[in-house]
Amino acid sequence: MAIKLTINGRVRQVTAPPDKPLLWVLREDLNMVGTKFGCGAGLCGACTVHLDGVAVRACQTPISAVGAARITTIEGVAATPAGKRVTASWIAHDVPQCGYCQAGQVMAATALLASNPKPADADIDAAMAGNICRCATYNRIRAAIRAAAQA
């Protein structure tokens, strides 16, 4: 089935079954490999993308559920005001270690700051819950989000 998707401001067309997860459409059909596969069950956050600015798990989102929503991936998030602040803060705070989870972490943090520009620690914790970092850089992640909120 041919499906049109708006990804990072560009209309793209793919031919895929309607139940194919957005994660695999991005990675396999469009060669956009920044969005990572982690658990495949929506539990780790590595595959987080935005649908109309809302953070969703791409591994659990069939392309038939996307509709006309605008998709933003890690490849395009720095073009948004919140994404620009988050990515700069991530670098300044030297957040990544292995880096595998960082695309999902940045996407979750960006969605948070886009909807809540001055989050309290409880807001940060709630927004980042479920985004797992095996390297345990959680303190640097929180510091980077706080700094991006103040920028």
Side-chain angles (χ1 to χ4, degrees), residues 1 3-14 16-90 93 95-96 99-133 137-138 140-151:
M1 175 163 111
I3 298 174
K4 285 186 182 180
L5 303 169
T6 303
I7 305 170
N8 300 328
R10 233 177 110 203
V11 176
R12 307 284 300 265
Q13 185 165 322
V14 296
D19 61 340
K20 186 171 187 175
L22 177 58
L23 170 67
W24 298 116
V25 170
L26 293 170
R27 291 183 64 80
E28 294 176 344
D29 300 329
L30 299 173
N31 198 32
M32 298 179 74
V33 296
T35 304
K36 302 298 183 203
F37 172 78
C39 66
L43 302 172
C44 73
C47 67
T48 303
V49 298
H50 297 170
L51 289 184
D52 286 336
V54 177
V56 300
R57 304 297 201 245
C59 73
Q60 295 294 297
T61 305
I63 57 170
S64 61
V66 172
R70 293 162 307 166
I71 302 162
T72 305
T73 68
I74 192 67
E75 290 91 349
V77 77
T80 69
K84 190 173 295 197
R85 291 193 320 271
V86 168
T87 55
S89 188
W90 238 247
H93 285 81
V95 173
Y100 196 83
C101 71
Q102 294 307 302
Q105 300 279 358
V106 166
M107 296 304 290
T110 300
L112 167 65
L113 293 183
S115 67
N116 181 356
K118 300 292 179 196
D121 283 347
D123 300 322
I124 294 171
D125 292 345
M128 301 306 290
N131 284 75
I132 298 170
C133 176
T137 63
Y138 299 112
R140 286 186 280 184
I141 289 168
R142 181 184 278 169
I145 294 170
R146 283 187 198 134
Q150 294 171 357

Report, one line per pair, each donor and acceptor closer than 3.5 Å where one atom sits in a side chain of residues 102-110; sequence neighbours left out.
unit_1, atom_1, unit_2, atom_2, d
Q102, OE1, W90, NE1, 2.5
Q105, NE2, N131, O, 3.2
T110, OG1, V106, O, 2.8

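Here CZ of R146 is found 6.0 Å from CD1 of I124. Values are rounded to the nearest 0.5 Å. To the nearest 0.5 angstrom, T87 atom OG1 is 8.0 Å from I74 atom CD1. Rounding to the nearest 0.5 Å places CD of E75 at 11.5 Å from CZ of R10. Here S89 contributes atom OG and Q150 contributes atom CD; the two are 9.0 Å apart, rounded to the nearest 0.5 Å. We find the CG-CZ distance between L51 and R57 to be 12.5 Å, quoted to the nearest 0.5 Å. Of the inter-residue distances, the one linking R27 atom CZ with C47 atom SG reads 10.5 Å to the nearest 0.5 angstrom.
Nearest heavy-atom pair, A149 versus P119, reported as atom, atom and distance to 0.1 Å: CB-CD, 3.8 Å. Residues A147 and H93 share a closest heavy-atom pair of CB-CE1, 3.3 Å. The minimum heavy-atom distance linking P18 with P62 is given by the pair O-CB, 3.6 Å. Between A16 and I3 the shortest heavy-atom distance is O-CD1, 4.3 Å. Contact record, P21 with A58: CB-O, 3.8 Å, taken as the closest heavy-atom pair.
Counting only heavy atoms from C-beta outward, the side chains of V49 and V56 approach each other to under 4.5 Å. Side-chain contact between K20 and V14 is absent, with no heavy atoms from C-beta onward closer than 4.5 Å. Looking at T72 and N8, their side chains come closer than 4.5 Å, going by heavy atoms from C-beta outward. At a threshold of 4.5 Å between non-hydrogen side-chain atoms, the residues T35 and W24 do not count as touching.
No side-chain donor-acceptor contact under 3.5 Å links Q13 to the backbone of L5. Judged by distance alone, with hydrogens and angles left aside, the side-chain atoms of Y100 form a donor-acceptor pair with the main-chain N or O of F37 at under 3.5 Å. Distance alone, capped at 3.5 Å, places no donor-acceptor pair between the T137 side chain and the R140 backbone.
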Legend entry - Residue pair V25, L30: steps toward the side chain to side chain contact (heavy atoms under 4.5 Å, CB included) verdict: CA-CA 6 Å; V25 170; L30 299 173; 4.3 Å; yes
Inset, instruction - Could you walk me through whether I7 and L26 pass side chain to side chain contact (heavy atoms under 4.5 Å, CB included), step by step? - result: CA-CA 9 Å; I7 305 170; L26 293 170; 3.9 Å; yes
Inset, instruction - Give the C-alpha distance, both sets of side-chain angles, the deciding distance and a yes or no for side chain to side chain contact (heavy atoms under 4.5 Å, CB included) between I71 and H50. - result: CA-CA 6 Å; I71 302 162; H50 297 170; over 6 Å; no
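Taking the charged nitrogens against the carboxylate oxygens, K118 and D123 have no contact shorter than 4.0 Å, which rules out a salt bridge.
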